[in-house]
Structures are given as C-alpha cells and as structure tokens.
Protein chains: 2
Amino acid sequence: MRKNSLIPRVNANCATCSLRELCLPLGLNEHEIILLDKLVSHKCKIQRGEFLHRAGLRFQSLYAIRRGFFKTCILEKDGRQQVTGFYMTGELLGLDAISTETYNCDTVALEDSEVCEVPFAKLEEMSRNIPTLMHHFHKIMSREIVKDHGVMMLLGSMRAEERLAAFLLNLSRRFVKRGYSASDFILRMTREEIGSYLGLKFETVSRAFSRLQDENIISVNNKHVSIHDMDRLRSKVGNS
Amino acid sequence: MRKNSLIPRVNANCATCSLRELCLPLGLNEHEIILLDKLVSHKCKIQRGEFLHRAGLRFQSLYAIRRGFFKTCILEKDGRQQVTGFYMTGELLGLDAISTETYNCDTVALEDSEVCEVPFAKLEEMSRNIPTLMHHFHKIMSREIVKDHGVMMLLGSMRAEERLAAFLLNLSRRFVKRGYSASDFILRMTREEIGSYLGLKFETVSRAFSRLQDENIISVNNKHVSIHDMDRLRSKVGNS
DNA sequence: TAAAAGCCTTGATTCAGATCAATTCATAGG
DNA sequence: CCTATGAATTGATCTGAATCAAGGCTTTTA
C-alpha cells in the first residue's frame with residue numbers, strides 16, 4: 001500500500017464476509033478463520049481510477065478484493081501498455097510481486113472498490129500452522145498460472161471474434177460464481193482495455209461486438225452486455 | 001509419473017547437485033538440504049520425444065529438471081495445440097497442476113532428459129518446518145506468473161521479428177545462468193513449436209530467422225543459432 | 001546406403017486486423 | 001445546463017502474417 005495514508009482503513013472481518021468461500025479463507029474452520037482475521041486487519045477503499053499500487057513499489061502485502069473491480073497492466077519502456085488481467089471480488093492481487101519483492105504491474109480500480117490487506121510475511125508464518133491455508137494458497141497461485149496459460153492460448157491461436165466470445169464467457173462465469181446474472185452485466189473497462197488484454201485494437205473489439213450483436217447472439221449498449229444465446233456464443237470459441 | 005514403471009529411477013541428491021542454486025534448494029542450509037534429499041528420492045530418465053505426463057493424469061508430484069529440455073502444451077478440443085512453455089535444467093514442472101489436482105498440459109522431453117520427482121504433499125509438509133523452503137517455493141510460483149505475463153505482452157503487442165528476438169534473448173539469458181554460451185546454442189525445438197509458443201506460423205518464424213540473419217544480427221544453421229550482435233538484437237525488442 | 005518422413009526455406013497470393021478518418025454518443029466539469 | 005473531453009462506432013484503405021505451393025535439406029529407419 002502506498003505510504004500516503006489518506007486512504008481510509010477499517011477493520012476487515014473474514015468470518016462474516018460473504019466472499020469467504022471464493023477467497024483466501026476457503027476451507028478453514030471457525031477457529032482458523034479467527035486467526036486469519038487477525039492477520040487481515042485492514043481494509044482500504046480505492047476510488048475509481050486510483051492506483052492500488054504502481055509497478056516498482058516494494059512488495060509487502062497481497063490484497064483481496066472485497067468490493068469492486070481492478071485491472072493490472074505492465075508498461076514497456078517504449079510506452080506500450082498491456083493489460084495483464086481483470087480482477088473481481090474474492091480474487092487476490094499481487095501474486096506476481098512475490099518473486100521480485102516489488103510490484104511488477106500497475107493496479108488500478110475500474111470502479112469504487114475496497115480491498116483487504118494481507119501482509120505476506122505474516123501469511124507465510126500463519127500458513128505454517130494452518131496446512132489448509134497453505135494448500136489453498138498454493139491452489140490460488142496455481143490457478144493464476146492456469147488462467148494465464150488460457151490467455152496465452154487465446155492470444156496465440158484465436159481470431160478476434162473468438163477472443164471476444166471467450167472473454168465474455170469468462171466474465172459471465174465469474175459473475176455467476178458471485179451471484180450475479182450470467183447473461184446480463186456491465187463492463188467495467190473500456191474497449192481499449194479489452195483490446196489490450198485480448199491483443200486487439202479497440203476498433204477491432206468494437207467491430208467484434210457489433211458482429212456478435214448482428215448475429216443476435218448478444219446485445220451491446222455501450223458498457224451493458226446481454227447474452228441472448230449462450231450456446232452460440234460458446235460455439236464461437238474453438239470452432240475456427 | 002505414469003504407472004508404467006519401465007521408466008528407470010535412481011536416487012536423487014540435491015546436496016551434491018550442481019543445479020542447486022537454480023532449483024528448489026536455493027538458500028537452504030546443509031541440514032535442510034539433507035531433509036529435502038529424503039523427499040526428492042527419485043530421479044527418472046525420459047527419452048527424447050517421450051511424455052513426462054499427459055494432460056488429465058492425476059497430479060501427485062512436481063518434477064525438477066536435472067538434465068535435458070521439455071515443452072509443455074495444451075490441446076483445445078478442436079485440435080489446436082498451444083505450446084505454453086519451454087523448460088530447462090533447474091526449472092520446475094507441474095505448477096499448473098496444483099490447482100486442479102490434475103496435470104493440465106502434456107509435457108514432452110525435447111532431448112534425452114532426467115527429472116527429480118518432488119511429491120507435492122510431502123513438499124508442503126516439509127515446508128511447514130523449513131520457512132526458507134516455503135518462501136522460495138512461493139517465489140518460484142510467482143516467477144512463473146511473471147514469466148507468463150511477459151509472454152502475454154509479447155503475444156499481445158509485438159510483431160513477428162520482435163517476438164523472435166525476445167525469444168532468443170530469453171533463451172540466451174537462461175543458458176548463461178547455466179554456464180553455457182550466451183551467443184551460441186542449439187535449439188531443441190522445431191520452427192513449428194517456436195511458432196506455437198510465439199503465436200506465429202512456422203513459415204513466419206523461418207522468415208523472421210532469415211531476416212535477422214540477412215541483417216547480420218544472428219546466423220542460423222538449422223537448429224544452431226549464433227548471436228553476433230546482442231545489442232541490435234535487443235534493440236529489435238520494444239522498438240516498434 | 002537408399003528411401004521415406006519430417007523439417008525448413010522461400011516465393012506468390014490472400015485476408016484479418018491495423019491504421020487512418022469522420023461522426024456520434026456519453027460522461028464529467030465548469 | 002451546456003460544453004468539453006473521452007469513448008465508441010463505422011467506413012475506407014493498407015499491411016503483416018497466414019495460407020498455399022514447391023523444392024531442398026536432415027534425420028530416421030528399413
């Protein structure tokens with residue numbers, strides 16, 4: 001977290017958090033959750049457009065998203081920017097920073113958000129005594145790797161429309177897990193950010209949206225997306 | 001590891017292994033290394049072209065590469081294949097399998113190789129008592145994530161020649177770490193496998209090689225690559 | 001040692017997506 | 001509330017990489 005302590009903090013509380021089955025505490029018993037609660041002592045609010053942290057800052061903590069939506073991106077020296085991920089509630093930010101002890105990417109809130117700070121050294125210390133916690137943490141890291149391999153597949157071998165279809169299906173699945181509609185949601189990111197993530201220019205993203213709409217598979221109204229035909233959307237992926 | 005036990009096994013020995021500073025034991029003291037040795041009790045040889053494991057097999061162990069070279073790839077249902085990584089000595093295979101408890105990718109030896117089996121449950125157990133080991137393992141996983149983000153950047157925003165240049169520089173760096181020449185090496189993979197990894201067709205890879213050669217930056221003779229002008233090769237990356 | 005199979009290179013052509021450009025639409029700020 | 005700024009759409013054109021095709025080289029194996 002930035003030194004700038006204008007960012008408000010309040011107590012976190014895993015035991016009563018509705019996200020606990022999506023988040024770090026998965027599988028812990030009552031007693032263990034109380035221990036974890038001591039570790040995750042601070043929540044902090046990040047306004048839309050603000051940085052949780054910038055690349056280069058020294059790594060201390062992971063952040064679990066309690067509310068809101070983030071993007072992470074890396075910046076090449078020549079100015080090119082690549083969005084490396086979009087993160088929603090219950091997901092962990094900062095896993096890439098463990099290796100270098102420095103955050104490797106800029107992390108920006110795409111809507112008003114709130115994160116729980118997880119001091120990493122303490123997490124490691126605690127996980128020595130809570131094998132379930134350790135194991136689940138390993139699964140979370142491994143899942144990140146699997147996710148990235150999926151994106152590599154997408155970037156390496158899919159065409160524009162396929163990429164967008166895969167992207168929408170991925171968002172949909174994650175919304176469902178959180179109790180939201182599978183077929184009706186608001187995009188938090190711009191066409192340009194989607195394009196960066198999918199390896200496309202924003203005009204191409206826009207055209208791909210329009211084409212899916214013309215085929216009556218989805219409808220798009222600016223940031224509002226409705227999926228009308230989930231099966232045909234699915235068949236767009238991996239059929240080319 | 002496959003049940004098929006024709007694959008020969010011999011005792012491993014981290015304490016005397018020349019790769020130990022690249023591999024899992026990094027930072028451990030003499031006593032701790034001896035403990036780790038008990039855990040990593042089996043080595044096993046894999047001939048060129050053979051699978052270490054296939055996607056779908058139940059996950060039990062990570063594998064540290066003692067000798068040789070591997071590729072990992074995932075297969076889409078429509079038959080498309082994507083190479084997700086190339087791995088050399090001292091690197092860990094199987095990190096992606098922790099999340100699903102099933103190997104997610106096919107892992108194939110690209111030359112005669114030897115791996116050390118690391119039973120994962122035992123590694124977790126042991127790392128409870130050896131904080132250095134736990135921390136280093138976390139760094140290794142995190143490094144994998146950072147590496148994947150780099151590949152996403154490459155796939156998302158670089159052009160063919162840039163991608164190949166970045167790829168060669170990456171190989172070069174890894175060879176140096178292992179005591180080999182930075183500028184002179186043998187590729188273990190085909191043009192098609194390079195292409196799959198870089199999101200290009202093999203003809204494009206071949207042309208990119210030829211162009212770098214025409215510019216006297218490298219010379220290529222089939223699988224043998226010599227880098228003549230490291231600076232110009234570097235300037236190919238991130239200058240477009 | 002020859003034949004076969006796979007791998008690599010290079011040329012010609014095509015095409016998906018990038019780029020350039022013009023408008024419209026939405027949101028934020030004065 | 002209106003204006004300004006950024007976001008999105010859509011069209012026209014261009015281009016880098018894919019595709020199609022042919023031939024040479026290497027490695028394997030019979």
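Sequence lines set the chain letters: A, B, ... in the order given, protein chains first and strands last, and positions in each chain run from 1.
- Following rounding to the nearest Å, A:R191 (CZ) and C:dA18 (C1') show an atom-to-atom distance of 18 Å.
- Atom CG in B:N221 sits about 12 Å away from atom P in C:dC8, given to the nearest Å.
- The residues B:E111 and B:K45 are annotated as not salt-bridged, no charged nitrogen and carboxylate oxygen being separated by less than 4.0 angstrom.
- In this structure, B:H224 atom NE2 and C:dC8 atom P are separated by 15 Å, rounded to whole Å.
- Residue contacts for B:G195: at a heavy-atom cut-off of 4.0 Å it reaches no nucleic acid atom on any strand shown.
- Here the P atom of nucleotide C:dG17 and the CG atom of A:L155 are 13 Å apart, to the nearest Å.
- As rounded to whole Å, 16 Å separates atom C1' of C:dC7 from atom CZ of B:R188.
- A cation-pi contact links B:R191 to B:F209, judged by a cut-off of 6.0 Å to the six-membered ring centre and 45° from its axis.
- Within residues 202-220 of chain B, the residues approached by DNA chain D to less than 4.0 Å at the level of any non-hydrogen atom are B:E203, B:T204, B:R207, in residue-number order.
- Counting to the nearest Å, the P atom of C:dT9 and the CD atom of B:E192 are 13 Å from each other.
- Atom P of nucleotide C:dC7 and atom CD1 of B:I194 are separated by 13 Å, given to the nearest angstrom.
- Side-chain contact check for B:T89 and B:R178: at least one donor-acceptor pair (N or O, by modelled atom type) lies under 3.5 Å.
- The phosphate of C:dC8 (OP1 or OP2) has a side-chain N or O of B:K223 nearer than 4.0 angstrom.
- Ion pairing of B:R66 with B:E114 is absent here, as no side-chain N (NZ or NE/NH1/NH2) approaches a carboxylate O to less than 4.0 Å.
- For the pair A:R163 CZ and C:dA18 P, the computed distance is 8 Å after rounding to whole Å.
- In summary, contact between chain B and DNA chain D, defined as any nucleotide atom under 4.0 Å from a heavy atom of the protein, begins and ends at D:dA17 to D:dT28 in the 5' to 3' direction.
- The pair A:R80-B:E162 meets the salt-bridge criterion, with a side-chain N (NZ, NE, NH1 or NH2) lying under 4.0 Å from an Asp/Glu carboxylate O.
- Using a 4.0 Å cut-off between a side-chain N of Lys or Arg and a carboxylate O of Asp or Glu, A:K177 and A:E91 do not qualify as a salt bridge.
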Pair A:F70-A:Y87, ring pair (Phe, Tyr, Trp, His ring centres under 6.0 Å): steps then yes or no: CA-CA 5 Å; A:F70 288 83; A:Y87 293 84; 8.5 Å; no

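- The pair A:D231-A:R234 meets the salt-bridge criterion, with a side-chain N (NZ, NE, NH1 or NH2) lying under 4.0 Å from an Asp/Glu carboxylate O.
- Salt bridge absent: A:E193 and A:R188 never bring a charged side-chain N and a carboxylate O closer than 4.0 Å.
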